[in-house]
Amino acid sequence: MKVLVTDPIADAGLDRIREAGYAVETAYDVEGEALLEAVSDANGLIVRSGTQVTAEVFEAAPNLVIVGRAGIGVDNIDIEAATEHGVIVANAPEGNVRAAAEHTVAMGFAAARSIPQAHARLKNGEWAKSDYLGTEVNGKTLGVVGLGRVGQEVAKKLSSLGMSIVAYDPYIGQERAEQLGAELVEFDDCLSRADFLTVHTPLTPETKDLISTDELETMGSGYLINCARGGVVDEAALAHAVDSGVLDGAAVDVFADEPVSPDNPLLDVDDIVVTPHLGASTSAAQENVAVSTADQVVAAFREEPVMNALNAPSVDESAFPRIRPYIGLAETAGKIAGQLLDGRIGEIEVSYNGDIAGEDVELVTASALKGVFTPLEWQVNAVNAPRIAKERGIDVTESKSRQSEDFQSLVSVTVRNGDEEMTIAGTLFAGDDPRIVRINGYRLDAIPHGHMLIARNYDKPGVIGLIGTVLGDGDVNIAGMFNARRAKPGGEALTVYNLDSEVPDAVRDELLADDRIIDVDIITL
Ligand SMILES: NC(=O)c1ccc[n+]([C@@H]2O[C@H](COP(=O)([O-])OP(=O)(O)OC[C@H]3O[C@@H](n4cnc5c(N)ncnc54)[C@H](O)[C@@H]3O)[C@@H](O)[C@H]2O)c1
Ligand SMILES: O=C(O)[C@H](O)COP(=O)(O)O
């Protein structure tokens with residue numbers, strides 16, 4: 001397994017990957033064809049905000065399992081395309097929050113006290129003391145747009161410096177805001193009441209140009225700080241608002257296009273303080289995000305839960321050991337069900353009975369879907385299986401009951417095609433030994449493994465002998481078998497064989513030619 005790293009991350013992260021036994025290749029600042037070439041044999045890709053991970057990148061990287069973002073913002077990653085290609089996208093949402101909040105506060109002070117401007121003039125030999133009369137934050141109002149992790153940290157820091165906090169965030173509860181001493185207000189209120197307005201939303205279609213000419217006019221005066229994402233604040237409108245005196249000043253760490261071009265209007269306005277996207281650039285933050293991202297890449301390679309996956313079913317680390325064996329069981333049940341039902345699948349139901357019903361089974365259900373779709377030769381995994389179901393108009397339902405008749409835990413996968421349905425139910429013996437215990441109402445005890453032949457036949461003397469003879473003549477060795485029948489003798493029966501090799505078509509045809517055999521399915525797990 002190889003991890004390609006295309007933006008610089010702390011050595012601690014690179015070491016972590018190597019220590020886990022995987023190769024690391026660094027190729028900083030690659031783009032275009034060079035990036036596509038570099039990623040072509042990568043199993044993992046680690047980026048910061050510098051690499052554009054587009055749909056083309058996923059096309060070019062057939063072996064990619066995970067893209068790790070050593071930081072928070074993922075607007076440079078096409079998550080839709082990742083999901084389509086079954087690639088996990090995970091970020092490191094906590095490691096640089098303090099660094100970003102501290103930088104935001106520093107930028108606020110820099111703008112309010114004209115520190116960079118005064119610094120530059122003094123370095124130039126000018127004692128411009130009388131040109132600068134700053135603004136204190138004490139007693140002023142801070143408006144926070146986006147009261148998430150960074151926004152909250154900024155609110156805490158600045159309220160301890162005597163600021164009142166108003167916040168606009170349609171997705172945060174009143175209670176949380178109150179705990180922070182912040183008043184949740186409408187957007188316009190937030191703008192008009194803020195002496196300092198600080199933006200902390202992600203860049204999404206909804207937040208693009210969230211703050212433009214009208215919003216800056218609603219502010220009317222004061223300072224705007226953007227240490228979130230370029231694009232949330234319209235750059236030309238902000239440059240004009242500060243230049244024309246609508247605002248007193250601004251501080252900007254992030255730009256719509258980075259690296260920023262020299263003709264960006266924000267660079268021309270003296271009262272706008274700028275830094276080149278330095279919010280997360282502290283050694284502590286870089287070490288945190290590099291290690292967290294590396295751990296997630298390693299987890300993905302080991303098929304363990306990826307804690308900060310943004311497009312994959314999540315699972316609590318402490319619960320993972322309990323659900324781990326059911327992931328494989330559900331996938332196997334799904335594979336068998338999908339192969340036994342003829343025709344187009346319209347519906348999939350995954351049911352949990354007994355102890356397993358008390359667990360978070362999102363990943364188990366996704367694995368059951370993966371199992372159903374795998375034989376259909378789509379490139380599928382637990383990341384993209386739910387999406388594949390949706391795209392194909394397949395209804396997926398999940399049901400849970402703590403009641404279980406015969407087993408401590410039972411996982412059943414039912415696939416439906418109009419009136420027909422196939423249910424495969426499995427359990428674990430001795431904690432992790434998978435068994436198929438029901439096939440459409442037949443009770444059995446079959447080991448799901450390797451090549452299997454499942455025959456439906458009339459329960460008549462000699463049938464099992466016939467199947468054994470035909471398989472033997474075809475040079476197919478039987479490793480194990482289980483026979484199940486409906487309540488009374490003479491009706492229909494079902495026989496499951498574990499075989500040491502594939503079943504040739506001729507063997508299958510010969511079995512089907514016997515009128516005691518109703519159907520024969522050959523399955524490879
Ligand atoms: N400058 C830097 O180096 C740096 C460092 C870290 C984070 N960031 C950026 O800061 C931003 C915030 O990061 P975070 O960790 O706090 O994210 P977060 O997800 O914890 O918080 C974002 C908040 O924005 C809110 N939000 C979403 N849409 C909104 C809208 N239309 N109006 C108002 N609020 C809205 C969400 O409800 C959420 O509470 C991100 O864009 C991130 O990329 C920048
Ligand atoms: O979203 C983030 O984490 C920050 O913007 C940091 O970005 P960077 O890792 O490119 O510095």
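First listed ligand is number 1; within each ligand, the first listed atom is number 1. Below, all heavy atoms of this structure are taken into account, side chains as well, without hydrogens, waters or symmetry copies.
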Hey, what do you get for [atom1] ([X]) to [atom2] ([Y]), rounding to the nearest 0.5 Å?
{"X": "Thr51", "Y": "Ile46", "atom1": "OG1", "atom2": "CD1", "value": "11.0 Å"}
{"X": "Leu197", "Y": "Ile225", "atom1": "CG", "atom2": "CD1", "value": "8.0 Å"}
{"X": "Glu215", "Y": "Asp209", "atom1": "CD", "atom2": "CG", "value": "9.0 Å"}
{"X": "Leu14", "Y": "Glu25", "atom1": "CG", "atom2": "CD", "value": "12.0 Å"}

Ligand 2-proximal atoms of [X], by part, heavy-atom distance under 4.0 Å:
{"X": "Asn96", "result": "side chain"}
{"X": "Ser281", "result": "neither"}
{"X": "Arg69", "result": "side chain"}

Closest protein heavy atom to [atom], given as residue, atom name and distance to 0.1 Å:
{"atom": "atom 3 (O) of ligand 2", "result": "Ile72 N, 2.6 Å"}
{"atom": "atom 11 (O) of ligand 2", "result": "Arg48 NH2, 2.8 Å"}
{"atom": "atom 4 (C) of ligand 2", "result": "His277 NE2, 3.6 Å"}

Q: Starting from the C-alpha separation in whole Å, work towards a yes-or-no answer on side chain to side chain donor-acceptor pair (under 3.5 Å) for Glu235 and Asn264.
A: CA-CA 8 Å; Glu235 292 176 345; Asn264 185 303; 2.9 Å; yes
Should you measure from each heavy atom of [X], which atoms of ligand 2 turn up under 4.0 Å away?
{"X": "Gly71", "value": "3 (O)"}
{"X": "Ser49", "value": "7 (O), 8 (P), 10 (O)"}
{"X": "Gly73", "value": "1 (O), 2 (C), 3 (O)"}
{"X": "Ala70", "value": "9 (O)"}
{"X": "Ala280", "value": "6 (C)"}

Has [X] got more than 12 heavy atoms of other residues, nucleotides or ligands less than 6.0 Å from its [atom1]?
{"X": "Glu287", "atom1": "CD", "answer": "no"}
{"X": "Lys390", "atom1": "NZ", "answer": "no"}
{"X": "Glu303", "atom1": "CD", "answer": "no"}
{"X": "Glu31", "atom1": "CD", "answer": "no"}

Taking only Lys NZ, Arg NE, NH1 and NH2, and the carboxylate oxygens of Asp or Glu, determine whether [X] and [Y] approach each other closer than 4.0 Å.
{"X": "Glu391", "Y": "Arg387", "result": "yes"}
{"X": "Arg121", "Y": "Asp131", "result": "yes"}
{"X": "Glu153", "Y": "Lys157", "result": "yes"}

(Q) Please confirm whether Arg229 approaches ligand 2 to less than 4.0 Å, judged on its heavy atoms. (A)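 In this structure, Arg229 qualifies as a contact of ligand 2 - some heavy atom is under 4.0 Å.
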Q. Under a 4.0 Å heavy-atom cut-off, what residues line ligand 1?
A.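 Within 4.0 Å of ligand 1, protein side: Ile72, Gly73, Asn96, Ala100, Gly146, Leu147, Gly148, Arg149, Val150, Tyr168, Asp169, Pro170, Tyr171, His200, Thr201, Pro202, Glu206, Thr207, Cys227, Ala228, Arg229, Asp253, Val254, His277, Gly279, Ala280.
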